[in-house]
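Right, one structure below, let's go through it.
FYI, side chains are in, hydrogens and waters are out, and symmetry mates aren't considered; it's all heavy atoms of this structure. Counting starts at 1 for both ligands and their atoms, in listed order.
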Amino acid sequence: MTLASNKGKAKAEDFEMTDLNPVITYRHVLQQNLGVRDPLRVVALCDSDAFFAACEMVRLGVTDKPLIVLQWEGIIAVNYPARKFGITRFQKLEEAKKCCPDLMIVHVATYKEGEAEPGYWDNIDSRTHKVSLDYYRRESVKILNMFKEGLPGAEIEKASIDEAFIDFTKPVRQALLQRYPYLAQVPPDAPSGLDTPIPAPPSVDWTSDSHLIPIHPDSETANQDLKTDPPTWHDIALHIAAEMMHKVRVDIANKLGYTTSAGIARNKFLAKLSASYRKPYSQTVLRNLAIPCYLRPLEFQKIRFLGGKLGEALVKEYDVSTVADLLPISLEELQEKFGESAVWIYEILRGIDRAEVKEKPPVNKSMMAAKALHRPITQVSDGPHWIRVLSGELALRLNDARKERPSLWPKTLTIHGGSRSNTANGWSSRSKQAPFPFIKEVTIDVIAAAGEKLWRELVGTGTGPIKINHIALAFTGIEAADDNQQSIDSFFANPSGLKRLREEEHDFSQTRPESPTRPRQCSPPSGQGPTSFTCPQCHKTFSLPPKTLSLIVDAEDRAQALEALKNEHDDFHFAQSVAREVEPEVKIDGADRTRVKPSSKTNAKPSSSKKPKKGHESEGIEKFFSRK
Ligand code: CTP
Ligand code: CA
Ligand code: CA
């Protein structure tokens with residue numbers, strides 16, 4: 001249940017969820033559908049270690065050499081052997097090379113005009129090539145499939161290119177009843193029938209497979225806790241999940257060559273928070289009793305959705321920095337100041353998160369390939385080069401998806417062109433769309449031909465000056481026409497399938513009017529030698545990392561580094577706004593920027609995923625989430 005749907009009775013009424021050691025009754029054990037209120041709920045977040053670097057190591061057959069992955073001049077992934085030399089993502093390449101002379105440096109694959117597949121070419125140039133993350137996406141699907149195959153009954157939600165949430169509650173319950181069959185029968189003499197508490201839990205042997213987060217701040221080892229705090233039934237559930245998680249992680253490492261790290265706890269928020277406790281190749285268990293000790297010293301602005309405007313408002317109101325600082329504030333007070341749904345703040349500080357783990361629908365409704373152009377397109381004749389490059393990416397992604405679902409068909413192709421402008425918002429954007437032909441072979445040529453037609457409509461055929469800083473091509477309205485079709489040939493040879501799809505097709509006009517200009521650009525850094533900037537759109541402040549700053553000696557370099565940071569963030573907003581225009585749930589990782597906000601949701605946020613309706617005034621804490 002999300003808070004949004006819980007509105008109206010927004011109070012921390014679920015005392016059992018704040019209880020770290022709830023009484024478990026036969027009813028709890030035997031009832032199947034308690035959902036997020038299940039006192040034996042177990043969720044894990046599994047994240048791949050140094051993922052892009054690991055993908056390159058697998059591709060190149062490298063095992064333990066220091067290696068980094070570049071995107072143009074920037075380091076985007078650093079493997080763990082390279083981290084031992086002090087290399088980080090925020091360093092400049094030259095600096096990284098100095099740290100480790102034997103460093104292997106791999107540039108991500110790129111699309112090149114005229115090539116059907118992205119590749120690792122010599123002489124790549126950001127002015128003509130486009131970064132491809134497709135290989136990493138394919139490897140990510142393999143890992144996800146191993147979770148699905150290895151964990152029957154578990155709910156699995158892809159959270160980002162290298163992360164998944166896994167809800168172990170059901171398979172753990174099954175294992176629990178098998179291992180302790182006495183739990184499946186209410187004893188005839190049970191005083192309260194189904195509501196009788198189950199017997200005391202057995203002892204647990206926490207093997208070396210999992211790290212345990214300590215319960216007491218002064219515990220030397222978590223094992224010491226086990227003497228003072230004997231296991232609860234929830235610990236038994238965590239332990240069973242940890243065994244399952246460990247087995248599948250070892251399988252993934254053996255079969256695919258990827259090491260992963262996992263956090264295992266009672267909900268998504270805490271699982272995500274525990275996953276990076278020890279890295280690489282390890283897993284961490286957060287017992288319920290360890291939650292307070294783990295959360296209290298945490299800087300609350302690091303909690304997802306408590307950064308940004310809402311976090312700043314809390315700091316302003318209370319002059320606080322850690323979770324512990326906020327705990328004395330009563331629910332009533334928070335609700336008085338931040339509206340009814342501030343119950344979400346109250347609960348998250350106590351480690352309560354009701355977000356469900358939900359498998360994403362198998363078909364992405366849209367696919368977008370985008371390129372931020374550091375050298376803008378200034379002539380109409382420059383467009384087709386990029387359209388071919390972007391068509392290459394769309395063709396590959398659609399055909400990859402068709403391997404799983406042969407009858408996938410994108411109903412529309414859309415082109416977007418964005419220009420920096422002198423408007424208050426800094427960006428203007430135009431788009432054109434048209435129905436996409438219903439054909440079997442979706443090749444680069446077919447997409448490029450349709451794309452070029454839209455390009456001419458977008459910019460006209462005149463010779464006047466144009467300036468386009470960002471270009472995107474997108475398939476929208478992607479649908480699987482018939483899941484029962486065995487092959488694409490049989491589907492496209494079947495006129496009834498075609499007819500049905502045509503009937504379902506929306507009534508698209510040939511093109512649509514220019515999309516409205518949206519607020520996009522972040523303000524330039526102000527003042528002498530700034531080292532950070534605040535984006536007026538999302539109100540987040542971005543600072544140059546201290547390591548970068550320590551390497552920069554002159555003001556010009558600093559300005560350049562800041563400009564790069566700003567552009568990167570700017571592109572992120574642009575890609576997001578284009579994505580919203582295409583389809584609200586479109587993925588933006590097709591954009592030629594990978595340094596974007598990860599798509600993983602670590603917890604539910606009131607109404608945040610919905611765009612505010614026009615004319616609807618945000619209330620309470622919702623106003624802190626009114627954009628994005
Ligand atoms: N990534 C990126 N830019 C970012 C964040 C992530 O390009 N700002 C890419 C990285 O290349 C990375 C992948 O997304 O390989 C996953 O990111 P993340 O899990 O944050 O880091 P990892 O490199 O996997 O390292 P870790 O072992 O710490 O998870
Ligand atoms: Ca990772
Ligand atoms: Ca990650």
Side-chain angles (χ1 to χ4, degrees), residues 44-59 64 66-84 86-91 93 96 104-110 131-141 143-144 147 157-166 249 252-253 256-263 268 271-284 302 304 307 372 540 542-545 547-548 564-573 575-576 587-602:
L45 182 278
C46 190
D47 176 283
S48 298
D49 301 321
F51 186 54
F52 293 180
C55 290
E56 295 301 344
M57 289 166 76
V58 166
R59 185 178 67 84
D64 55 3
L67 178 150
I68 58 169
V69 180
L70 289 186
Q71 177 176 320
W72 311 125
E73 296 304 311
I75 300 176
I76 58 168
V78 181
N79 74 354
Y80 280 79
R83 289 184 203 192
K84 283 196 185 142
I87 298 174
T88 71
R89 252 189 215 155
F90 306 108
Q91 269 174 341
L93 176 58
M104 285 184 73
I105 300 163
V106 186
H107 192 281
V108 294
T110 53
V131 162
S132 154
L133 304 181
D134 301 282
Y135 166 55
Y136 310 142
R137 275 193 203 106
R138 287 172 177 168
E139 295 302 286
S140 156
V141 171
I143 297 175
L144 203 67
F147 287 141
E157 175 186 319
K158 180 180 170 194
S160 79
I161 195 162
D162 76 333
E163 289 169 32
F165 282 110
I166 300 157
R249 288 179 46 247
I252 289 170
L256 301 176
Y258 295 111
T259 66
T260 53
S261 298
K268 288 171 98 173
K272 168 84 180 171
L273 211 57
S274 315
S276 50
Y277 186 73
R278 292 273 187 279
K279 257 182 164 280
Y281 204 28
S282 63
Q283 62 181 48
T284 301
K302 289 200 173 142
R304 196 160 186 229
K540 282 193 184 145
F542 295 85
S543 307
L544 289 170
K547 278 251 165 107
T548 307
L565 194 69
K566 192 173 80 66
N567 279 344
E568 196 169 85
H569 181 67
D570 222 12
D571 289 346
F572 163 69
H573 278 303
Q576 264 216 334
K587 297 201 151 196
I588 61 165
D589 53 8
D592 195 1
R593 281 284 157 198
T594 54
R595 286 166 187 257
V596 296
K597 192 174 164 188
S599 61
S600 67
K601 283 187 185 171
T602 57

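Between the side chain of Asp49 and the main chain of Tyr281, a donor-acceptor pair closer than 3.5 Å is present. Looking only at distances, a side-chain donor or acceptor of Arg89 sits under 3.5 Å from a matching main-chain atom of Ile76.
A donor and an acceptor atom, one from each side chain of Arg278 and Thr284, are nowhere located under 3.5 Å apart. Counting only N and O atoms by type, the side chains of Arg138 and Tyr135 include no donor and acceptor under 3.5 Å apart.
Looking at ligand 1, you'll find an N or O of Ile76 within less than 3.5 Å of one of its N or O atoms. Here's the thing with Ile161: none of its N/O atoms is less than 3.5 angstrom from an N/O atom of ligand 1.
The aromatic rings of His107 and Trp72 sit tilted relative to each other, their planes meeting at an angle between 30° and 60°.
Counting heavy atoms under 4.0 Å from ligand 1, residue Gln71 does not touch it at all.
Heavy-atom proximity to Ser48, at under 4.0 Å, picks out these atoms of ligand 1: 24 (O), 29 (O). Within ligand 1, the atoms closer than 4.0 Å to a non-hydrogen atom of Ala77 are 11 (O), 15 (O), numbered from 1 in the order shown. The Phe51 neighbourhood of ligand 1 comprises atoms 15 (O), 22 (P), 23 (O), 24 (O), with distances under 4.0 Å to a heavy atom of that residue. Those atoms of ligand 1 with a heavy atom of Tyr80 less than 4.0 angstrom away are 26 (P), 27 (O), 28 (O). Proximity to Asp47 (heavy-atom distance under 4.0 Å) selects the following atoms of ligand 1: 19 (O), 29 (O). If you number the atoms of ligand 1 from 1 as listed, the ones under 4.0 Å from a heavy atom of Ala50 come out as 22 (P), 23 (O), 24 (O), 25 (O), 26 (P), 27 (O).
Looking at Thr88 and Val78, their side chains never come closer than 4.5 Å, going by heavy atoms from C-beta outward. A heavy-atom distance below 4.5 Å is not found between the side chains of Ser132 and Thr110.
Asp162 contributes atom OD1 as its closest N/O/S atom to the Ca ion (ligand 3). Within Asp47, OD2 is the N, O or S atom that lies nearest to the Ca ion (ligand 3). For Glu163, the N/O/S atom at the shortest distance from the Ca ion (ligand 3) is named OE2.
Looking at Arg89, Glu56, Arg83 and measuring to atom 5 (C) of ligand 1, the nearest heavy atom belongs to Arg89. Considering each of Asn79, Asp49, Asp162, Val108, the one bringing a non-hydrogen atom nearest atom 19 (O) of ligand 1 is Asp162.
Between Ser261 and Lys279 the shortest heavy-atom distance is OG-CG, 3.3 Å.
None of the N, O or S atoms belonging to Ser261 lies under 3.0 Å away from the Ca ion (ligand 2).
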* Tell me, with the steps shown, if Glu56 and Tyr136 meet side chain to side chain contact (heavy atoms under 4.5 Å, CB included). => CA-CA 9 Å; Glu56 295 301 344; Tyr136 310 142; 2.5 Å; yes

* To do: Could you check Val106 against Phe52 for side chain to side chain contact (heavy atoms under 4.5 Å, CB included), going step by step and ending with a plain yes or no?
  => CA-CA 10 Å; Val106 186; Phe52 293 180; over 6 Å; no

